[in-house]
Q: 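Handing you this structure, nothing more for now.
Side chains included, hydrogens not; waters and symmetry mates left out as well; all remaining heavy atoms used.
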Amino acid sequence: MADIAELTRLIEPEAEALGLSLVRVQMFGGKSDPTLQVMAERPDTRQLDIADCEALSRRISDVLDANDPIEEAYRLEVSSPGIDRPLTRLADFEDWAGFDARIKLVEKIDGRKQFDARLIGVAGDAVVVQPEKSAEMTIPFAAIQSAKLILTDALMKATAPLSSAGADEFIEEAPTEGVDEFINEAPLEGANDLTQEG
């Protein structure tokens, strides 16, 4: 499987060159359908439009073609984090303080490896949360395996001013030589997709 740290090192400058903030890089789908997923956003809007997705996808394709860090054929998926976004950076826990998140830990704390909690903020290199019916707790950021916002009425209301126009997702089959075909699919509630196959 591909080295995510190396992929991130190659991809992050491409996102930053477009004024975007890289949220997450991951591979999924296994050997049967390997997909490189890149989540990014504009810091001011927390979204990507179609033009952003296209531009970032092309830059990523160029840098990956030049460096060839993934041996097998794969699909490239570029998307915004969406409303119920993953929390991948320490700053995310500060930015989304006051909202609820589902948190999975590397190892159990107080007998639990997964729980829902209200985000309070950060303290140094730790995340401060208030689990349901429990006392406030501080968790080292390194102890969090994954976290994502929980879709609630409060979160939807808070993000309502964000435009849902345009595409949040752009998928490109790799390698992509020749003519590219863009397919604009009807949006699902809360998300729009744009798929590129080549």
Q: Which pair of heavy atoms, one from A117 and one from V129, lies closest together, and at what distance?
A: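 Distance-wise, the nearest heavy atoms are CB-CB, 3.8 Å.
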
Q: Between the side chains of Q37 and R24, is a donor N or O closer than 3.5 angstrom to an acceptor N or O?
A: yes

Q: So, for P34 and E72, which heavy atoms are closest and what is the spacing to 0.1 Å?
A: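 Heavy atoms of P34 and E72 come nearest at CG-CG, 3.9 Å.
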
Q: Find out if a path of hydrophobic residues (ILVMFWY) with successive side-chain heavy-atom gaps under 4.5 Å connects M156 to L87.
A: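 They do share one cluster, since a chain of ILVMFWY contacts under 4.5 Å joins M156 to L87.
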
Q: Mind checking the CD-NZ spacing from E107 to K113? Nearest 0.5 Å is all I need.
A: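 E107 atom CD to K113 atom NZ measures 7.5 Å (nearest 0.5 Å).
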
Q: Considering only heavy atoms from C-beta outward, does the side chain of W96 approach that of R85 to under 4.5 Å?
A: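 They are in side-chain contact.
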
Q: Could you tell me whether the side chain of P69 reaches within less than 4.5 Å of the side chain of D3, counting heavy atoms only?
A: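 Not in contact.
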
Q: Rounded to the nearest 0.5 Å, how far apart are CG of L76 and OG of S61?
A: 5.0 Å

Q: Give the intermediate values and the outcome of salt bridge (charged side-chain N to carboxylate O under 4.0 Å, His left out) for residues D49 and R42.
A: CA-CA 9 Å; D49 60 22; R42 288 216 164 269; 5.7 Å; no

Q: Tell me whether L22 is reachable from L56 by hopping between hydrophobic residues (I, L, V, M, F, W, Y) whose side-chain heavy atoms are closer than 4.5 Å.
A: yes

Q: What's the separation between atom CG in L10 and atom CG in D62, rounded to the nearest 0.5 Å?
A: 12.5 Å

Q: Just list the side-chain donor-acceptor pairs under 3.5 Å for residues 137-153, sequence neighbours left out, or say none.
A:
residue, atom, partner, partner atom, Å
T152, OG1, L155, N, 3.1

Q: So, R89 and D92, do they make that salt bridge, N to O below 4.0 Å?
A: yes

Q: Side-chain contact, heavy-atom cut-off 4.5 Å: I11 with L36?
A: yes

Q: Side chain to side chain contact (heavy atoms under 4.5 Å, CB included) between R59 and L18: does it pass, once the steps are laid out?
A: CA-CA 9 Å; R59 289 185 75 107; L18 296 171; 3.7 Å; yes

Q: Side chain to side chain contact (heavy atoms under 4.5 Å, CB included), that's the test. Do M27 and T35 meet it? Break it down for me.
A: CA-CA 6 Å; M27 289 289 298; T35 299; over 6 Å; no

Q: Same cluster or not: V128 versus L90, using hydrophobic residues (I, L, V, M, F, W, Y) connected whenever any side-chain heavy atoms lie under 4.5 Å apart?
A: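 In one cluster with V128: L90, no.
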
Q: Do you know the tightest heavy-atom contact between R112 and P131?
A: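 Shortest heavy-atom contact: NH2-CB, 3.6 Å.
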
Q: Is there a side chain to side chain contact (heavy atoms under 4.5 Å, CB included) between V38 and L7? Walk through the geometry before answering.
A: CA-CA 10 Å; V38 178; L7 288 171; over 6 Å; no

Q: Which heavy atom of A154 sits nearest a heavy atom of F99, and at what distance?
A: O-CE2, 3.7 Å

Q: Quick one: do I4 and Y74 end up in the same hydrophobic cluster if we chain Ile, Leu, Val, Met, Phe, Trp and Tyr together by side-chain heavy atoms under 4.5 Å apart?
A: yes

Q: Keeping the roles fixed (side chain from N67, backbone from L64), state whether a donor-acceptor pair exists under 3.5 Å.
A: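 It does not hold such a pair.
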
Q: Between Q130 and S134, is there a donor-acceptor pair closer than 3.5 Å when you use the side chain of the first and the backbone of the second?
A: yes

Q: What distance separates C53 SG from E77 CD, expressed to the nearest 0.5 Å?
A: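 These two atoms lie 10.0 Å from each other.
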
Q: Checking Q114 against L105 for the side chain to side chain contact (heavy atoms under 4.5 Å, CB included) test, could you report, in this order, the C-alpha distance in whole Å, the side-chain angles of both residues, the deciding distance, and whether it holds?
A: CA-CA 6 Å; Q114 177 179 309; L105 303 173; over 6 Å; no

Q: Report the distance from atom CD of E12 to atom CD1 of I60, rounding to the nearest 0.5 Å.
A: 11.0 Å

Q: Could you check if a side-chain atom of L20 sits within less than 4.5 angstrom of a side-chain atom of E14, using non-hydrogen atoms only?
A: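 No, too far: nothing below the 4.5 Å cut-off.
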
Q: Which heavy-atom pair separates P86 from P81 by the least distance, and what is that distance?
A: CD-O, 3.9 Å

Q: Ignoring hydrogens and angles, tell me if any N or O in the side chain of T88 forms a donor-acceptor pair with the backbone of V23 under 3.5 Å.
A: yes

Q: Salt-bridge test for E132 and R118: reply yes if a basic N is under 4.0 Å from a carboxylate O, no otherwise.
A: no

Q: Is the shortest side-chain heavy-atom distance between Q26 and M39 below 4.5 Å?
A: no

Q: Check for me, please, whether V106 and I109 land in the same ILVMFWY cluster - side-chain distances under 4.5 Å, paths through other members count.
A: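 No, it is not one cluster - the side chains of V106 and I109 are not joined through contacts under 4.5 Å.
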
